[in-house]
> 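What follows is a structure written as structure tokens; I'll ask about it next.
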Amino acid sequence: MVMNIKNFFKKDSSSYSKEKLLIHDEKRNGCCIYFNNIQDFAKKTIEMGKNDPRKIIFSLKMGFALFFVSLLIFWKEPFPEIAQFSIWAILTVLIMFEFTIGGTLIKGFNRGLGTLFAGMLAFIFAQLALWAGEWEKVVWVVSIFIVAFCGTYLKLYPTMAPYEYGYRVFILTYCILIMAGNRTGGYNVAILTRLALIALGACICLIINIGICPIWAGEDLHRLVIKNFMDLATSLEGCIDGYLNCVECDESTNHSEYNGYKSVIESTSREQTLLGFAIWEPPHGRYKMHKNPWRDFVKLSSELRHCAFMVMALHGCIQSKIQAPPEKRKVFQNELKRVGIDATNVLRELGTKLGKMEALNSHENILKEVHETAQNLQKKIDNKSYLLVNSKNWEIGKPNIIDNFDDSSNENGSSENLPLNFQSLSETAIDIRDLHTPQYPKDQLVTKSMLFNKQNHWPSCLSLLDGEKIDTIDEIETYLSASALSLATFASLLIEFVARLQNVVDCFEELSQRAEFKEPISAKS
């Protein structure tokens, strides 16, 4: 009995020690994970500063602005109220100080306009409250309701969306001024002191942000449009090479070489934000003599985005479940590749000239080569179109059927029931007997392994499970016909991309005239 009790306590103490060790290990692992997260965060912040040093400069400018404004706390004589209400200047710097000059100016305009109207109304209602005597409190409570209602209702008007922040400042400033005047009893002194401190904070903010390493939203917009050109060129090149090299669907999903078009499509909101800031910026740097070309930059990028939709469709062809066999792709390989090379050259040349702010040569057609290669591709499709359809269903070589339809049409005097038997260039140029299609005995069941013995030209799941069998030759021919048409889809999308380049070039020329781009060196010589 005594031994059993001793063994029980030994087991209990050993289990307790094991639990204690587990808890200690969990705490140690938790501390390690927490420390690693802090270390990763520090590395990422350092890397962010290296990638864009302007963010470090902006942070330093914010620190300097708040440093100078905070000196008002130690102000004593004259006007000792300045130190008491210095928080207004500090709040103004915090609210107005934006990353770009345009953002600072639009915030400052909203802040100044809202504060000005709030101060004017505060003066008016302050005098009314003083004249009201015993009804003073009723006057300023009712005035707050009226101002809040009017300000909130007007900011919902569609054209007032850019000034929404100004309305918020207007309501906030009015309420604070009225309440501060009511508490101290001196409406005029409270209003004037706060307005003066807000103006001082705004001046310090503008001087430091514009005077020290200014960051212009217009330049960011300019660089973003250039980047869109280069990303789209890389994506187009990658999609064509990937299609001709029969890249697998999973391989092209997250590869940056194929997905560059996504940044072009997703840049809309970024462009609109930068445009809203850029139109507030004064002429500067390379844009001193320009007549606010920023809307034309956005228009050019919008036309480029229409081309990006075509590249997205081309990328969809790579990811499609229905794929053309490699031997058919090789027939059009040279023409497809040539169109892709010429189209990417046009995009890169436009992006380079946009970066240099250089106009196109008026004596040369930048689209001449790509148009010629696109026409060659179209001719190749016409000449080889028998590869893109199921030739067995053609009406060529069936004179009896055609004659019967001719007789019936003559009797009825109408051609509505005639078959579609017009011949294309390729149909008259080929002998269908030379076309070899896979033949299987009619009584033989064709399995998936017989179809996909070399490469999965079709998706691995044609609504069929592994082990199931295809019963009819018609299903095989349908699949093969659809795979050939996928090649025609890819080629037609590429031709449509070339057609849309004309709108991009037209917008570029319009921008170059409005922004007064310099003439190209070759044109000058």
Side-chain angles (χ1 to χ4, degrees), residues 47-58 98-107 162 209 213-238 256-288 290-312 343-344 346-360 497 500-501 503-512 514-517:
E47 186 178 355
M48 180 184 69
K50 289 181 179 179
N51 294 335
D52 192 357
R54 299 181 306 167
K55 294 180 180 179
I56 299 176
I57 296 173
F58 172 73
E98 289 289 330
F99 187 74
T100 61
I101 303 301
T104 301
L105 290 174
I106 192 172
K107 277 288 186 72
N209 205 4
C213 298
I215 302 170
W216 303 98
E219 292 182 357
D220 286 349
L221 178 60
H222 189 182
R223 283 192 289 265
L224 178 60
V225 178
I226 296 171
K227 181 178 178 294
N228 286 345
F229 273 96
M230 300 306 178
D231 287 347
L232 188 59
T234 303
S235 182
L236 175 63
E237 192 175 36
S256 59
E257 190 174 305
Y258 306 104
N259 295 330
Y261 66 88
K262 290 184 179 179
S263 63
V264 182
I265 295 174
E266 295 170 355
S267 65
T268 307
S269 59
R270 174 69 175 162
E271 290 172 6
Q272 293 299 326
T273 301
L274 291 174
L275 174 64
F277 294 156
I279 57 178
W280 284 85
E281 294 176 348
H284 59 279
R286 295 190 295 172
Y287 317 100
K288 286 183 179 178
H290 300 161
K291 303 174 182 178
N292 193 5
W294 309 121
R295 297 186 188 277
D296 295 283
F297 274 96
V298 174
K299 183 180 178 182
L300 175 62
S301 185
S302 177
E303 291 297 337
L304 185 66
R305 200 168 293 112
H306 284 83
C307 294
F309 292 138
M310 291 294 100
V311 179
M312 180 173 65
T344 53
V346 170
L347 290 174
R348 290 194 173 105
E349 184 175 355
L350 290 175
T352 303
K353 287 186 175 294
L354 187 63
K356 296 178 181 179
M357 301 189 74
E358 183 179 292
L360 295 174
F497 178 88
R500 295 189 180 193
L501 281 178
N503 294 334
V504 177
V505 174
D506 293 341
C507 284
F508 183 90
E509 291 178 344
E510 183 180 347
L511 171 64
S512 62
R514 183 176 178 84
E516 301 175 3
F517 283 7

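All values below were derived from every heavy atom in this structure, side-chain atoms included, with hydrogens, water molecules and symmetry-related copies excluded.
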> Surrounding CZ of Arg295 (heavy atoms of other residues, nucleotides or ligands, distance under 6.0 Å), is the total greater than 12?
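No.
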> Main chain of Ser269, side chain of Thr273: is a donor-acceptor contact present, judged purely on distance under 3.5 Å?
yes
> Given side chains that start at C-beta, do those of Phe517 and Leu511 come closer than 4.5 Å, heavy atoms only?
yes
> Any side-chain heavy atom of Leu347 sitting closer than 4.5 Å to one from Leu304?
yes
> Listed by chain and number, what are the side chain to side chain donor-acceptor pair (under 3.5 Å) partners of Glu358, not counting sequence neighbours?
Lys353
> Show the numbers, then the answer: is there a salt bridge (charged side-chain N to carboxylate O under 4.0 Å, His left out) between Asp296 and Lys299?
CA-CA 5 Å; Asp296 295 283; Lys299 183 180 178 182; 5.7 Å; no
> Take Leu354 and His222 through the test side-chain contact (heavy atoms from CB on, under 4.5 Å) and record every step on the way to the result.
CA-CA 8 Å; Leu354 187 63; His222 189 182; 3.9 Å; yes
> With rounding to the nearest 0.5 angstrom, report the CD to CG distance, Glu349 to Leu360.
7.0 Å
> Yes or no on side-chain contact (heavy atoms from CB on, under 4.5 Å) for Ser263 and Lys227, after CA distance, side-chain angles and deciding distance?
CA-CA 9 Å; Ser263 63; Lys227 181 178 178 294; 4.2 Å; yes
> Going by the rule side chain to side chain donor-acceptor pair (under 3.5 Å), which residues pair with Thr104 if we only count those two or more places apart in sequence or in a different chain?
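Checked Thr104 against side chain to side chain donor-acceptor pair (under 3.5 Å); matches are Asn209.
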> Compare every heavy atom of Ile106 with every heavy atom of Gly276, then report the nearest pair and how far apart it is.
O-CD1, 4.3 Å
> Going by the rule side chain to side chain donor-acceptor pair (under 3.5 Å), which residues pair with Ser512 if we only count those two or more places apart in sequence or in a different chain?
none
> Which atoms form the tightest heavy-atom contact between Ser235 and Val311, and what is the distance?
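Smallest interatomic distance, heavy atoms only, reads OG-CG1, 3.4 Å.
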> To the nearest 0.5 Å, what is the distance between CG on Leu232 and CE on Met310?
11.5 Å
> Indicate whether the side chain of Thr344 and that of Glu237 have a donor and an acceptor atom separated by less than 3.5 Å.
no
> Check for a donor-acceptor pair, side chain of Thr100 on one end and backbone N or O of Gly103 on the other, with a separation under 3.5 Å.
yes
> Kindly give the heavy-atom pair with the smallest separation between Ala308 and Tyr261, and that separation in Å.
O-CB, 4.1 Å
> Can you name the residues that form a ring pair (Phe, Tyr, Trp, His ring centres under 6.0 Å) with Phe58, not counting sequence neighbours?
Phe97, Phe99
> Kindly give the heavy-atom pair with the smallest separation between Leu300 and Val504, and that separation in Å.
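The answer is CD1-O, 3.5 Å.
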> Can you see which heavy atom on Arg305 is nearest to which on Ser267, and at what distance?
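The answer is NH2-OG, 3.4 Å.
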> Going by ring pair (Phe, Tyr, Trp, His ring centres under 6.0 Å), name the residues that satisfy it together with Phe229, two or more places apart in sequence or in a different chain.
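Applying ring pair (Phe, Tyr, Trp, His ring centres under 6.0 Å) to Phe229 gives none.
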> Is there a donor-acceptor contact under 3.5 Å from the side chain of Glu281 to the main chain of Ala217?
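Such a contact is found between Glu281 side chain and Ala217 backbone.
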> Please name all residues satisfying ring pair (Phe, Tyr, Trp, His ring centres under 6.0 Å) with His284, sequence neighbours left out, ordered by chain then number.
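Testing His284 for ring pair (Phe, Tyr, Trp, His ring centres under 6.0 Å), a comparison that skips the adjacent residues, returns Trp216, Tyr287.
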> Please determine whether a side-chain nitrogen of the Lys or Arg among Glu219 and Arg54 lies less than 4.0 Å from a carboxylate oxygen of the Asp or Glu.
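No, this pair does not count.
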> Let me confirm one number: the OG-CG distance from Ser301 to Leu224, rounded to the nearest 0.5 Å.
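Taking OG in Ser301 and CG in Leu224, the distance rounds to 6.5 Å.
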> Is it the case that the side chain of Arg500 and the backbone of His306 share a donor-acceptor pair, with hydrogens and angles ignored and the cut-off at 3.5 Å?
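Answer holds: yes.
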> Distance check, rounded to the nearest 0.5 Å: Lys107 atom NZ versus Phe277 atom CZ?
7.0 Å
> Kindly indicate, with the supporting measurements, whether the criterion side-chain contact (heavy atoms from CB on, under 4.5 Å) is fulfilled by Glu271 and Ser302.
CA-CA 10 Å; Glu271 290 172 6; Ser302 177; 5.9 Å; no
> So, taking the atom named CD in Glu510 and the one named CG in Asp506, what distance separates them when rounded to the nearest 0.5 Å?
8.5 Å
> Donor-acceptor check, side chain of Thr352 to backbone of Arg348, threshold 3.5 angstrom: yes or no?
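Present.
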> In Å, rounded to the nearest 0.5 Å, how long is the span from CD1 of Ile279 to CG of Leu274?
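Interatomic distance, Ile279 CD1 to Leu274 CG, rounded to 0.5 Å: 11.5 Å.
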